[in-house]
2 protein chains.
Amino acid sequence: MDDRHGQAAGNYEAILREAGVRITRPRRTILAILADGEDHPGALEIFRRAAEIDPAISLSTVYRTMKLLEEKGAIQRHVFEGGPSRFEQAAGRHHDHLIDVETGDVVEFRSDRIERLQEEIARELGYELVSHRLELYARRRKPD
Amino acid sequence: MDDRHGQAAGNYEAILREAGVRITRPRRTILAILADGEDHPGALEIFRRAAEIDPAISLSTVYRTMKLLEEKGAIQRHVFEGGPSRFEQAAGRHHDHLIDVETGDVVEFRSDRIERLQEEIARELGYELVSHRLELYARRRKPD
DNA sequence: CTAGCTGCAAAATATTTGCACGAAT
DNA sequence: ATTCGTGCAAATATTTTGCAGCTAG
């Protein structure tokens with residue numbers, strides 16, 4: 001079965017444990033939310049969802065945990081046009097994002113051709129590619 | 001001759017005048033800086049350069065002017081990873097950016113192939129492309 | 001036990017805005 | 001003259017941090 005998410009929750013804990021980091025109550029709560037989410041929530045949204053489970057949790061802890069997870073490579077941070085940071089599980093292979101400009105929804109996609117072209121361009125300019133960011137801002141096509 | 005910049009300064013004024021906007025001292029100062037710059041300065045950097053010419057200028061005015069110019073389509077705003085907004089003249093044809101992760105320098109490039117692929121991907125996903133953002137974060141290749 | 005976490009409040013960063021005065025048309 | 005723009009200070013939004021108490025290992 002494709003229990004990508006339930007699996008990922010355990011995976012997060014494993015990653016943190018291995019890094020010698022304590023598994024605390026707030027962290028477990030946040031991890032569960034990340035593992036559950038099909039979307040790309042921001043810090044505040046994660047905080048809201050976490051507060052429902054454990055009202056004692058603080059926004060600072062959400063931010064601290066996100067930073068920690070990002071450093072450990074467990075999640076990825078995205079900053080789409082004019083908005084706050086939003087997060088997603090790092091599990092799965094690399095992909096880029098299409099953002100629905102009307103709803104804010106995010107669609108993931110991947111193009112090996114574009115990936116290759118990027119490497120090529122960087123090389124041509126005398127650089128070594130470290131990372132990249134490709135975002136398509138688009139509007140759902142109406143069948144006219 | 002390729003007096004892209006001197007020309008652009010006048011161009012800015014024309015754009016603003018046409019929009020029924022007053023050409024004031026601070027605006028003229030900021031416009032001159034934009035027209036001059038070969039780089040992608042942020043609001044604070046523009047403010048610093050402007051203050052050298054006219055110490056009375058305020059940071060608010062820089063922000064207000066940038067917003068105005070952006071609305072009029074005279075400049076483009078970029079928000080690169082983890083930094084404040086940076087601006088560039090909208091003149092010239094579309095291009096993407098490679099950011100030197102060590103120095104923050106920006107190299108402009110353009111790839112018709114990538115442009116086409118993006119259109120294609122959006123269409124395949126059932127969307128109509130509105131705009132996009134492609135940034136390559138890279139490090140200068142050392143000749144080993 | 002005790003180093004690492006947490007919540008809270010305050011700071012930091014980037015940007016926007018209300019207001020009374022001054023300048024452009 | 002009148003409207004629009006400015007500087008200043010205060011407000012906003014997002015994220016980070018100092019600190020004293022709490023807790024996981």
Side-chain angles (χ1 to χ4, degrees), chain A residues 12-33 40-72 74-87 104, chain B residues 12-33 40-72 74-87 104:
Chain A
Y12 282 141
E13 289 205 15
I15 289 175
L16 292 187
R17 229 182 273 281
E18 201 156 329
V21 172
R22 287 185 188 170
I23 307 300
T24 63
R25 189 156 140 64
R27 282 184 184 157
R28 229 189 297 267
T29 303
I30 293 169
L31 263 35
I33 287 164
H40 297 64
L44 224 117
E45 177 59 25
I46 293 172
F47 172 63
R48 271 191 221 105
R49 295 181 196 175
E52 255 169 64
I53 302 171
D54 169 13
I57 212 165
S58 85
L59 183 54
S60 315
T61 296
V62 172
Y63 276 112
R64 278 191 277 236
T65 303
M66 299 328 280
K67 177 166 277 189
L68 181 69
L69 290 171
E70 192 186 8
E71 281 166 9
K72 301 306 175 207
I75 60 168
Q76 285 199 320
R77 171 192 305 261
H78 302 293
V79 185
F80 302 132
E81 308 247 275
S85 294
R86 295 170 63 177
F87 307 90
Chain B
Y12 283 139
E13 289 205 14
I15 290 175
L16 292 186
R17 229 182 273 280
E18 200 154 332
V21 172
R22 288 184 189 170
I23 306 300
T24 63
R25 190 156 140 63
R27 282 184 183 155
R28 228 188 298 266
T29 304
I30 293 168
L31 263 34
I33 287 164
H40 297 64
L44 230 130
E45 178 58 25
I46 293 173
F47 172 63
R48 270 191 222 104
R49 296 182 197 174
E52 256 170 65
I53 302 171
D54 170 12
I57 212 165
S58 84
L59 183 53
S60 315
T61 295
V62 173
Y63 276 112
R64 279 191 277 236
T65 303
M66 298 328 279
K67 178 167 279 190
L68 181 69
L69 290 171
E70 192 187 8
E71 281 165 10
K72 301 306 174 208
I75 61 168
Q76 285 197 320
R77 171 192 304 262
H78 302 294
V79 185
F80 301 133
E81 308 246 276
S85 294
R86 295 170 65 176
F87 307 90

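What's counted below: heavy atoms across the whole structure, side chains too, no hydrogens, waters or symmetry copies. Letters A, B, ... are given to chains in the order of the sequence lines, protein chains preceding strands, and every chain is numbered from 1.
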Novice: First and last nucleotide of DNA chain D in contact with chain A, 5' to 3', at under 4.0 Å to a heavy atom: what are they?
Specialist: D:dT14 to D:dG25
Novice: Please round to 10 degrees the angle between the axis of the first five pairs and the axis of the last five pairs in the helix from C:dC1-D:dG25 to C:dT25-D:dA1.
Specialist: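 So the angle between the two local helix axes works out to 30°.
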Novice: Tell me what A:I23 touches on the nucleic acid: a base, only sugar-phosphate, or nothing, going by heavy atoms under 4.0 Å.
Specialist: sugar-phosphate
Novice: Specify the closest pair of heavy atoms between B:I15 and B:A74, including all atoms of both residues, with the distance to one decimal.
Specialist: CD1-CB, 4.0 Å
Novice: Expressed as a whole number of angstroms, how long is the span from A:R17:CZ to C:dC5:P?
Specialist: 13 Å
Novice: Any side-chain N or O of A:R25 below 4.0 angstrom from OP1/OP2 of C:dT6?
Specialist: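 It does not, given that no N or O in the side chain of A:R25 lies less than 4.0 Å from OP1 or OP2 of C:dT6.
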Novice: Using a heavy-atom distance cut-off of less than 4.0 Å, which residues of residues 55-65 of chain B contact DNA chain D?
Specialist: B:A56, B:I57, B:S58, B:S60, B:T61, B:R64
Novice: Identify the heavy atoms of A:L16 and A:L69 that sit nearest to each other, and give their distance.
Specialist: CD2-CD2, 3.9 Å
Novice: Distance check needed: C:dG22 P versus B:R27 CZ, whole Å only.
Specialist: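 In whole Å, C:dG22 P lies 19 Å from B:R27 CZ.
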Novice: Would you find more than 12 non-hydrogen atoms of other residues, nucleotides or ligands less than 6.0 Å from A:R28 atom CZ?
Specialist: yes
Novice: Below 4.0 angstrom, N of the basic side chain to O of the carboxylate: do B:R49 and B:E45 qualify?
Specialist: yes
Novice: Test your reading of the model: is there a side-chain donor-acceptor pair from A:R86 to the backbone of A:H40, 3.5 Å cut-off?
Specialist: yes
Novice: DNA chain C: B:P84 or A:G20, which has the more 5' nearest nucleotide?
Specialist: A:G20
Novice: Do A:I30 and A:Y12 touch side chain to side chain, with heavy atoms closer than 4.5 Å?
Specialist: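 Of all side-chain heavy-atom pairs linking A:Y12 with A:I30, none is under 4.5 Å.
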Novice: Got a second to check how far B:I33's CD1 is from B:F47's CZ, nearest 0.5 Å?
Specialist: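 Nearest 0.5 Å value for the CD1-CZ distance: 10.5 Å.
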Novice: Kindly say whether A:I23 contributes a backbone atom to a donor-acceptor pair with the side chain of A:R17 at under 3.5 angstrom?
Specialist: no
Novice: Can you tell me if CD on B:E18 sees more than 12 non-hydrogen neighbours from other groups inside 6.0 Å?
Specialist: no
Novice: Any chance CZ of B:R25 has more than 12 other-residue heavy atoms, nucleotides or ligands included, within less than 6.0 Å?
Specialist: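 No, not enclosed.
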Novice: Going from OG1 on B:T24 to CD1 on B:I57, what distance comes out if it is rounded to the nearest 0.5 angstrom?
Specialist: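 Answer for the OG1-CD1 pair, B:T24 versus B:I57, is 8.0 Å.
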